Amino acid sequence: MMIFGVPLQALLGQLLLGLVNGSFYAVLSLGLAVIFGLLNIINFTHGVLYMLGAFVAWMGLQYLGLNYWVMLIVAPLVVGAFGIVLERLLLRHLYKLDHLYGLLLTFGLTLLIEGLFRSIYGVSGQPYSTPALLQGGVNLGFMYLPIYRAWVVLASVLACLLTWAVIEKTRLGALLRAGTENPKLVEAFGVNVPLMISLTFGFGVALAGFAGVLAAPIMQVSPLMGSNLIIVVFAVVVIGGMGSILGSILTGLGLGVIEGLTKVFWPEASNTVVFIIMVIVLLLRPAGLFGKES
C-alpha cells in the first residue's frame with residue numbers, strides 16, 4: 001500500500017522513529033521547563049547530564065553488574081544528587097542575576113564535564129545491550145514494532161504525565177510555584193524554600209538522567225550524545241513556551257513526529273525543520289505556543 005508515493009511500512013517506521021525521538025525531546029524539555037519555570041535558570045548542562053545518566057547506567061552494568069531495571073531507578077537518583085550539589089555550590093548564587101550568568105556558568109560546566117569524559121572514554125562510544133525482557137519485536141502485519149522502542153515511548157509519556165500531574169494538580173506543586181514567586185511568604189508558613197528549590201533542580205536533572213538510561217540501548221553511550229541533542233531540545237522548549245510544562249510535553253512529541261515525517265517526504269530538511277518551526281512560532285507568537293505573554 002502506498003501513501004503519497006511512499007510505502008506504508010516505510011512511512012509508519014519513520015513515524016515510530018519520530019515518536020521515539022519525540023519522547024526524548026519531551027522528557028528532556030520537560031526537565032528544562034521545570035527548572036526554568038520554577039527556578040528561572042537556563043540550564044545548559046541538561047545535555048551533559050543526559051549523557052551522564054547513560055554513562056552511570058553503563059558503568060553500573062560494566063563495573064557492578066547492575067542490570068538495566070536497577071539502573072533505571074539508580075541512575076536518575078545519582079544524576080539528581082549531582083544536580084543538587086551543583087545547585088547548592090554554584091547556581092544558588094545566580095538566582096537574582098541576569099539569565100546570561102546562569103547560561104554562561106552551565107555552558108562552562110558542560111564543556112568541563114564533557115571534556116573529562118572524552119579524555120577517559122574517547123568519542124567512539126560504548127555499547128549497552130537491550131534488556132532481555134524488551135528484546136525482539138512484534139509483527140503487526142503492516143509493520144514490525146521493536147518492543148524496546150515501544151517501551152521508550154510508553155515510559156517517557158508516563159514520566160511526563162506524572163510530572164505534570166504533580167506540579168499542576170497537587171499541593172506540593174502549588175508550594176513549588178508559590179515558593180519561586182514569593183519565597184518569604186511561603187517560608188512564613190514553615191516551608192524550607194531553599195531545600196525545596198534544591199530538590200526541584202535535582203528532580204529536573206533526574207529527568208535528564210532517566211532519558212539517558214532509556215537512550216543507552218538505542219545509541220552508543222558517548223560523551224557527545226548530549227551535545228548532539230541539547231540544541232534541538234532548547235528549540236523545543238522555546239516553541240512550547242519557556243517554563244510551560246504541558247507545552248514541553250506536547251511540543252516534544254509533536255516535533256518528533258514532524259521530524260520523522262520530514263525524513264520521508266523531504267529528507268534534506270529533516271535536520272532543520274525544528275528550527276524552521278521555531279522561527280515561524282517566534283515571529284507569530286514570541287512567548288511560544290503554550291507560553292504566557294509577560
Side-chain angles (χ1 to χ4, degrees), residues 4 6 10-37 42-51 53-54 99 103 106-107 110 114 149 152-153 155-157 159-160 163-164 204-205 207-208 210-212 214-215 218-220 222 224-292:
F4 300 112
V6 178
L11 179 62
L12 292 175
Q14 284 299 327
L15 276 174
L16 175 62
L17 182 60
L19 194 57
V20 171
N21 289 337
S23 299
F24 291 125
Y25 297 162
V27 175
L28 288 170
S29 62
L30 175 61
L32 279 176
V34 168
I35 292 170
F36 181 82
I42 300 175
N43 179 30
F44 207 88
T45 61
H46 216 63
V48 81
L49 292 171
Y50 158 78
M51 175 271 291
H99 296 316
L103 179 61
T106 54
F107 180 69
T110 295
E114 187 179 287
R149 281 167 171 75
V152 167
V153 175
S156 300
V157 170
C160 289
T163 301
W164 173 81
V205 301
L207 286 172
F210 177 75
L214 290 178
I218 296 179
M219 57 189 72
Q220 293 284 317
S222 164
L224 302 179
M225 62 187 293
S227 59
N228 297 334
L229 195 61
I230 189 62
I231 301 301
V232 178
V233 173
F234 266 106
V236 171
V237 174
V238 171
I239 294 170
M242 293 293 289
S244 173
I245 306 298
L246 185 61
S248 296
I249 299 171
L250 297 179
T251 305
L253 292 171
L255 288 178
V257 172
I258 292 173
E259 190 179 59
L261 288 175
T262 306
K263 289 180 180 179
V264 177
F265 297 105
W266 192 11
E268 296 82 3
S270 61
N271 292 328
T272 58
V273 64
V274 172
F275 304 103
I276 294 172
I277 294 173
M278 182 181 72
V279 171
I280 295 172
V281 169
L282 289 178
L283 288 174
L284 299 177
R285 188 175 171 82
L289 295 176
F290 298 87
K292 297 179 180 179

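Remember, it's a predicted structure, so these values are computed and weren't measured experimentally. Quick note: residue numbers are just sequence positions, from 1.
- Partners of Ser156 according to the side-chain hydrogen bond (donor to acceptor under 3.5 Å, both in side chains) rule, which considers only residues two or more places apart in sequence or in another chain, do not exist here.
- At a threshold of 4.5 Å between non-hydrogen side-chain atoms, the residues Gln220 and Met225 do not count as touching.
- Among residues two or more places apart in sequence or in another chain, the side chain to side chain contact (heavy atoms under 4.5 Å, CB included) test is passed with Ile258 by Leu255, Thr262, Val273, Ile277.
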### Task
Go through the steps for Thr106 and Ile42 under the test side-chain contact (heavy atoms from CB on, under 4.5 Å), then give the verdict.
CA-CA 8 Å; Thr106 54; Ile42 300 175; 5.9 Å; no
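- Atom-to-atom distance recorded for Ile249:CD1 and Ser29:OG is 8.0 Å, nearest 0.5 angstrom.
- Checked by atom type and distance alone, the side chain of Thr251 never pairs as donor or acceptor with a backbone atom of Ser248 at under 3.5 Å.
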### Task
Test side-chain contact (heavy atoms from CB on, under 4.5 Å) on Val205 and Ile35 and set out the steps.
CA-CA 8 Å; Val205 301; Ile35 292 170; 3.9 Å; yes
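- You'll find the side chain of Leu19 stays beyond 4.5 Å of the side chain of Leu15, heavy atoms only.
- Under the rule for a side chain to side chain contact (heavy atoms under 4.5 Å, CB included), the partners of Ala26 that lie at least two apart in sequence or sit in another chain are Cys160, Leu253.
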### Task
Report the C-alpha separation of Phe24 and Ile218 in whole Å, then their side-chain angles, then the decisive distance to 0.1 Å, and conclude whether the side-chain contact (heavy atoms from CB on, under 4.5 Å) test is met.
CA-CA 12 Å; Phe24 291 125; Ile218 296 179; 4.1 Å; yes
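- Residues passing the ring-ring contact (aromatic ring centres under 6.0 Å, His included) test with Phe234, sequence neighbours excluded: Phe44.
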### Query
Step by step, would you call Ser222 with Met51 a side-chain contact (heavy atoms from CB on, under 4.5 Å)?
CA-CA 7 Å; Ser222 164; Met51 175 271 291; over 6 Å; no
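- Between Glu114 and Ser227 the shortest heavy-atom distance is OE1-CB, 3.4 Å.
- In this structure, CG on Asn21 lies 9.0 Å from CZ on Arg149, to the nearest 0.5 angstrom.
- Once rounded to the nearest 0.5 Å, the distance linking CG of Leu224 with CE of Met219 reads 12.5 Å.
- Looking only at side-chain heavy atoms (C-beta outward), Leu32 and Leu28 stay at 4.5 Å or farther from each other.
- The shortest non-hydrogen separation linking Leu214 to Ala155 is CD2-CB, 4.2 Å.
- In terms of the side-chain hydrogen bond (donor to acceptor under 3.5 Å, both in side chains) criterion, residue partners of Tyr25 (sequence neighbours excluded) are, by chain and number, Glu259.
- Rounding to the nearest 0.5 Å gives a distance of 8.0 Å between OG1 of Thr163 and CD1 of Ile245.
- Taking each heavy atom of Gly288 and Val281 in turn, the nearest pair found is CA-CG1, 4.1 Å.
- Counting all heavy atoms, side chain and backbone alike, Gly47 lies closest to Ile230 at N-CD1, 3.5 Å.
- Under the rule for a side chain to side chain contact (heavy atoms under 4.5 Å, CB included), the partners of Leu246 that lie at least two apart in sequence or sit in another chain are Trp164, Leu250.
- Counting non-hydrogen atoms of other residues, nucleotides and ligands closer than 6.0 Å to CZ of Phe275 gives a total above 12.
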